Amino acid sequence: VGLYRLIQRITMSPLDPSSTPQPVLTNVGADQPSSDQSKSFYDFPRRFDLAPCENPPREELKPIIDFIQSSVRDPSSHAYRSMIECVRIRDDAVMFYRLLIVLRINGPILHEITTSPKKHGQLLHAIFRLDPMVIPMRLQGNSTYRSLVESYKLTDAYFHLVIAIISSNSTFLIPGLTALWKLIILHSSKMEIQGEIVTEAMKKKRLTYAHATIANVLRLAPRATVELQSIIAANFPFRSAPNITDYVQQSLLVVQGYAPLLESEILGIIVDKALEMDVEIKIKDDGDVEIDNEKINRQNEDAIFEMDLEKGPETPSVANEVSKEATEKKIDDMVERLDSLMLLLFEHIKTRLLNDEISASTLFRIVIPIFESIILTTYRSKYVQFIVLYLCGLSQEDELYREFSGYLVEVILDPNRATVIRQSAACYLASFISRATYVCSETACEAVSALLRWAEAYIGALERNENKINDFTSSCELHSLFFTVCQASFYIMCFRGAEAIKHYRCAAEYFAKNPEPADECSYADLDLIDMSSKRWERICSYELKPLRFCLESVREEFLHVANVFSLLNKDLLSILDTEAQRQSSGYTRSGKAARRRGKRINTPALSATRRMTEGVGGLGRGSNPLDSFFPFDPYLLRKSHDFIAPMYRNWDGRIDNDFAEDEATFDSTMEEEGQEDEDDEDSCGENDPAGIEPMSYNSSASSPSISEHRKFQQVVWNDLTKRPRAPSIAESGSW
């Protein structure tokens, strides 16, 4: 520290050339670089700097210096106790101001105080607890004190003293940073301290001074960066605290203003808190929203008990009404806070990139570890993961979306990772490729081809080992990753099938005409984008029957895509479509509920209506054997929705008209091969321990003609996907 001060005195211009030379500790941290060379020595943002501190003439300070020197030698003396009371009560404004100045500029006094923290603990504690911007109520009539506060002379003296104490002894680094950060927390918490008054202008100025002081401390002590991160994390408000948004805003200001090295840690803390709110909000199948009842009960148990003691017993109807209103208010508040946090995160990413404060690739490498350690491992998060989709969309020229897709493929293929992580990565890959509008067709083809290649390798390994799995439950558990990967490829085809198939066929035609393509060929290697029908047929016809374990809406839509683009041969498609109808109508379930469902009339209109309410566009219904989810389903937060809308693909259900002749041909074939339903319902599912009968080439079920099915579904899907964005809870009380 002494060497650092010496360099400061040599390389920096003095604050006041006309003033007399001061001791080494004078204005520590206030001196600023006077040239580009000294600025590069700091290599630090200059947005937050403390202004120079004006010192009274030395003649005025000499009596006070003598008084303090004699006092600090004997902490038990009356003079020492009077000095502490002067700091606490602040009745004598001039004495208090000069006391702060002397403690900073006089080297022997500062050395005595900072080297004996136990002896002078009360004085140091009183200093660190100060808020120099606050005017106590009893001092409102003191014009001298008010002028010192409003002119910021007292503020300058205090914050420079804190820097001097920290630079004199690193033991006070943590207490000093904690005291400074608590001044910021006072602003974010918006607490009114009884008996003290502070104006809004002074609150804003206090924030500026506190941040500037922390920035100066970070320059003086490199270890302060690590300690500041711990302090920010330790004081982070609870997810239900009303001041969490302001706290996050001040934390991000630290990153943007003067501590870019803390960006990864602070973003990780904010994402973790946002995820806590995200997963606590649950969206039911009917679209209603609720908060985890167990957490609500734990939080309200004591309060309800106290109410019962004070107000006496209430009727059940009144209690239910109060509980319902309280739950709705909790939901509204939680969603509002989460929406505000997401808005701040999006604005932070946009500000950092547009102001050229950091490159997109650098920020991407900061976000990816947060995604891997926090987001990827969180089950059914709904909104926080959109920061990755937004970041990749802001810098499309860097093709970060291809890097992110490649990262997810690597996670899926990594045998050293847990199966649940690989399954989650498959869901993220499928949802990201399907929903992001900026993902090109070639990337979609490469992603699907990579998933199919892994599935083929998995099938080959099973065939070599001659593994036969007949039990539904054990099959779902043992081969869950295989089913999830297959479902991911089916899901991408539901959204991007038309353009992906078109891209692949154009590439195949190009390579057929040009066996030795030129170096500037716009198509990737055909093996990397192979989506030929033989690959789909091998996977869909394998005895594990991956379509059977898919989300019901994904299964039905993929069969529709396979029909239009001839991804499967007619015989196989007929069998799969028949079996899908049997599963959807309840024929493959046992019991009374299955028989009731199986007796329902399955008309084209009902099938189309089911596809409208159970589609792959998000919040759909239907069986979900894998309990899987697609993380980039529609974004429903109101304030931050505008950041996502321009780069988000909603489900439209449209299919290229170029392949209409294929559909018409298949329709006529399917109408000729219509089969009747089985009469004996009780015979279904007898040989299947889970109640789902294995697919068989001899199985049959009734199904409407494909042409009639298409006529109805085209209208209902367009009506569904072109609906306006769902209002937020604050607007309508429902998702």
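Computed from a predicted structure; not experimentally measured.
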Scanning both residues in full, the closest heavy-atom pair of Gly268 with Ile370 reads N-CD1, 3.6 Å
Donor-acceptor pair, Asp577 side chain versus Leu573 backbone, under 3.5 Å? no
Distance from Ser434 atom OG to Met493 atom CE, nearest 0.5 Å? 10.5 Å
Determine whether Phe565 and Arg505 make a side-chain contact, defined as any pair of heavy atoms from C-beta on separated by less than 4.5 Å. yes
Could you measure the distance from the CZ atom of Phe346 to the CD1 atom of Ile644? Nearest 0.5 Å is fine. 3.5 Å
Contact between Leu353 and Leu391 at the side-chain level, heavy atoms closer than 4.5 Å - yes or no? yes
Distance-minimising heavy-atom pair for Arg555 and Cys550: NH1-O, 3.4 Å
Step by step, would you call Lys534 with Glu537 a salt bridge (charged side-chain N to carboxylate O under 4.0 Å, His left out)? CA-CA 5 Å; Lys534 62 180 182 180; Glu537 290 175 357; over 6 Å; no
Could you go through Arg365 and Glu403, starting from their C-alpha distance and side-chain angles, then the distance that decides it, and tell me whether this counts as side-chain contact (heavy atoms from CB on, under 4.5 Å)? CA-CA 10 Å; Arg365 283 160 181 76; Glu403 189 172 348; 3.1 Å; yes
Once ring pair (Phe, Tyr, Trp, His ring centres under 6.0 Å) is applied, do any residues pair with Tyr407, and if so which ones, sequence neighbours excluded? none
Assign the ring pair Phe483 / His479 to parallel, tilted or perpendicular, where the plane angle (0 to 90°) is split at 30° and 60°. perpendicular
Is the side chain of Arg422 donor-acceptor paired with the backbone N or O of Leu481 at a distance under 3.5 Å, no angle test? no
Donor on one side chain, acceptor on other, Asp339 and Ser640, under 3.5 Å: yes
Aromatic contact between Tyr648 and Tyr635, with the criterion being ring centroids under 6.0 Å apart: yes or no? no
List the steps and the verdict of side-chain contact (heavy atoms from CB on, under 4.5 Å) for Glu463 and Ile459. CA-CA 6 Å; Glu463 291 176 343; Ile459 292 175; 3.6 Å; yes
Side-chain donor/acceptor of Asn569 to backbone N/O of Leu572, under 3.5 Å: yes
Between Arg535 and Ser449, does any side-chain donor sit less than 3.5 Å from a side-chain acceptor? yes
Has Ser431 got a side-chain atom pairing as donor or acceptor with Cys427's backbone, closer than 3.5 angstrom? no
Walk me through whether Phe643 and Ile349 qualify under side-chain contact (heavy atoms from CB on, under 4.5 Å). CA-CA 11 Å; Phe643 287 90; Ile349 294 174; over 6 Å; no
Are Glu556 and Glu552 close enough that some pair of their side-chain heavy atoms sits under 4.5 Å apart? yes
Please report the closest heavy-atom contact between Tyr491 and Ala430, naming both atoms and the distance. CD2-O, 3.8 Å
Determine, step by step, whether Ile374 and Val384 satisfy the side-chain contact (heavy atoms from CB on, under 4.5 Å) criterion, reporting the C-alpha distance in whole Å, the side-chain angles of both residues, the deciding distance to 0.1 Å, and the verdict. CA-CA 10 Å; Ile374 302 177; Val384 179; over 6 Å; no
Spell out, as yes or no, whether a donor-acceptor pair under 3.5 Å connects the side chain of Asn624 to the backbone of Ser628. yes
How far does CD of Gln423 sit from OG1 of Thr484, to the nearest 0.5 angstrom? 3.5 Å
Side chain proximity check, Gln385 to Leu376, heavy atoms < 4.5 angstrom: no
Between Asp633 and Arg435, which heavy-atom pair has the shortest distance, and what is it? OD1-NH2, 3.6 Å
With a 4.5 Å cut-off on side-chain heavy atoms, are Ile281 and Tyr383 touching? no
Whether Ser574 side chain and Lys570 backbone form a donor-acceptor pair below 3.5 Å: no
Given Phe386, which partner from the list Phe371, Phe432, Phe632 fulfils the ring pair (Phe, Tyr, Trp, His ring centres under 6.0 Å) test? Phe632
Electrostatic pair Lys513:Glu509 at N-O distance under 4.0 angstrom: yes
Give, for atom OH of Tyr504 and atom OG of Ser441, the distance between the pair rounded to the nearest 0.5 Å. 15.0 Å
Would you call Glu499 and Arg496 a salt bridge, taking side-chain N to carboxylate O under 4.0 Å as the test? yes
Just say parallel, tilted or perpendicular for the rings of Phe482 and Tyr458, cut-offs at 30° and 60°. parallel
How long is the span from the NZ atom in Lys502 to the CE atom in Met531, to the nearest 0.5 Å? 14.5 Å
Let's go through Arg402 and Glu446 carefully: what are the C-alpha distance in whole Å and the side-chain angles of both, what is the deciding distance for salt bridge (charged side-chain N to carboxylate O under 4.0 Å, His left out) to 0.1 Å, and is it a yes or a no? CA-CA 10 Å; Arg402 290 181 59 84; Glu446 289 177 342; 3.0 Å; yes
For Leu452 and Ser489, the nearest pair of non-hydrogen atoms, with its separation, is CD2-OG, 4.1 Å
Which heavy atom in Glu442 sits nearest to a heavy atom in Ala524, and how many Å separate them? OE1-N, 3.2 Å
Do Tyr379 and Asp627 touch side chain to side chain, with heavy atoms closer than 4.5 Å? yes
Kindly compute the distance separating CZ (Arg453) from CG (Asp530), expressed to the nearest 0.5 Å. 8.0 Å
Using atom types as modelled and distance alone, determine if a side-chain donor or acceptor of Ser424 lies under 3.5 Å from a backbone N or O of Val420. no
Looking at Arg582 and Glu579, is any side-chain nitrogen of the basic one under 4.0 Å from a carboxylate oxygen of the acidic one? yes
Is any side-chain heavy atom of Tyr438 closer than 4.5 Å to a side-chain heavy atom of Leu389? yes
Taking only Lys NZ, Arg NE, NH1 and NH2, and the carboxylate oxygens of Asp or Glu, determine whether Asp278 and Arg380 approach each other closer than 4.0 Å. no
For Phe558, enumerate each residue passing the ring pair (Phe, Tyr, Trp, His ring centres under 6.0 Å) test, keeping only those at least two apart in sequence or located in another chain. Phe490, Trp536
Does a side-chain heavy-atom distance below 4.5 Å link Met647 with Tyr390? yes
